[in-house]
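No hydrogens, no waters, no symmetry mates; every other heavy atom, side chains included, goes into these values. Note that the structure is a prediction, hence the values are computed from the model and not measured.
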Amino acid sequence: MEIGDSLPHGHLTSADGTRFALAGRIGQPMVVYFYPKADTTGCTREAQDFSALEQDFRARGATVIAVSRDTPAKLTRFATKHALTVELASDEDGSVCEVFGTWVEKQMYGRSYMGIERATFLFDATGKLVRQWRKVKVPGHAVEVLAAVPA
């Protein structure tokens with residue numbers, strides 16, 4: 001994904017099991033962020049931070065969609081357990097992660113594996129990519145993203 005690229009086509013499943021097309025959300029600014037796994041420390045903190053600012057994003061006309069490869073049922077448990085208000089979406093087959101380039105090789109303790117890179121993408125109301133953050137560090141990230149959304 002490069003600045004100026006159009007919102008990629010792809011379908012996600014909401015926590016309630018409803019499938020939706022990303023392209024169907026064009027018409028307002030949109031933040032799409034990818035996180036590795038629901039209910040882990042960093043991912044919980046990130047979702048809590050975006051949820052805490054959800055009304056501020058809405059006041060700027062923006063929606064926030066948080067994407068992982070977790071099942072919709074796991075996303076429902078995650079949202080309930082932590083009182084999350086940000087929209088959680090499942091990409092179980094990884095097709096949207098592939099298109100966004102967030103399904104990458106990672107390393108931990110000398111072992112290589114495939115996983116989701118923590119990344120955030122900001123699209124304008126026409127569906128053009130205006131900003132992206134790669135290899136995100138959670139503290140302060142949601143505030144930084146909100147500041148990038150035009151008021």
Do [X] and [Y] have side chains that approach each other closer than 4.5 Å (heavy atoms only, starting at C-beta)?
X: Phe34; Y: Glu117; answer: no
X: Asp39; Y: Thr44; answer: yes
X: His11; Y: Ser95; answer: no
X: Thr102; Y: Phe121; answer: yes
X: Ile65; Y: Leu22; answer: yes
X: Leu84; Y: Gln48; answer: yes

Give every donor-acceptor pair under 3.5 Å between a side-chain atom in residues 136-150 and any protein atom, sequence neighbours left out.
unit_1 : atom_1 : unit_2 : atom_2 : d
His141 : NE2    : Thr120 : OG1    : 2.7
Glu144 : OE2    : Trp133 : NE1    : 3.0

hydrophobic_cluster_shared for Leu122 and Leu53, side chain cutoff 4.5 Å: yes

Val31 reachable from Met1 in the ILVMFWY side-chain graph, under 4.5 Å edges: no

Measuring from atom [atom1] of [X] to atom [atom2] of [Y], what distance do you get when rounded to the nearest 0.5 angstrom?
X: Thr18; Y: Leu12; atom1: OG1; atom2: CG; result: 12.0 Å
X: Phe100; Y: Leu7; atom1: CZ; atom2: CG; result: 5.5 Å
X: Lys128; Y: Ile26; atom1: NZ; atom2: CD1; result: 8.5 Å

Salt bridge (charged side-chain N to carboxylate O under 4.0 Å, His left out): pairs with one or both residues in residues 85-99, sequence neighbours excluded: Arg25-Glu87

Contact list for residues 59-75, test salt bridge (charged side-chain N to carboxylate O under 4.0 Å, His left out), sequence neighbours left out: Asp70-Lys74

So which atom in [X] and which in [Y] form the shortest heavy-atom distance, rounded to 0.1 Å?
X: Pro8; Y: Val99; value: CB-CG1, 3.1 Å
X: Pro29; Y: Gly61; value: CD-O, 3.3 Å
X: Glu2; Y: Asp5; value: N-OD2, 2.7 Å
X: Gly10; Y: Val96; value: CA-CG2, 4.0 Å
X: Ser90; Y: Pro72; value: OG-CD, 3.8 Å

Any donor-acceptor pair under 3.5 Å from Lys106 side chain to Ile116 backbone: yes

Partners passing side chain to side chain contact (heavy atoms under 4.5 Å, CB included) against Ala73 (at least two apart in sequence or in another chain): Thr71, Arg77

Positive for side chain to side chain contact (heavy atoms under 4.5 Å, CB included) with Ser51, one of Val64, Val86, Leu88: Val86

Set of residues satisfying ring pair (Phe, Tyr, Trp, His ring centres under 6.0 Å) with respect to Tyr35, sequence neighbours excluded: Tyr33

Partner set under salt bridge (charged side-chain N to carboxylate O under 4.0 Å, His left out) for Arg45, not counting sequence neighbours: Asp49

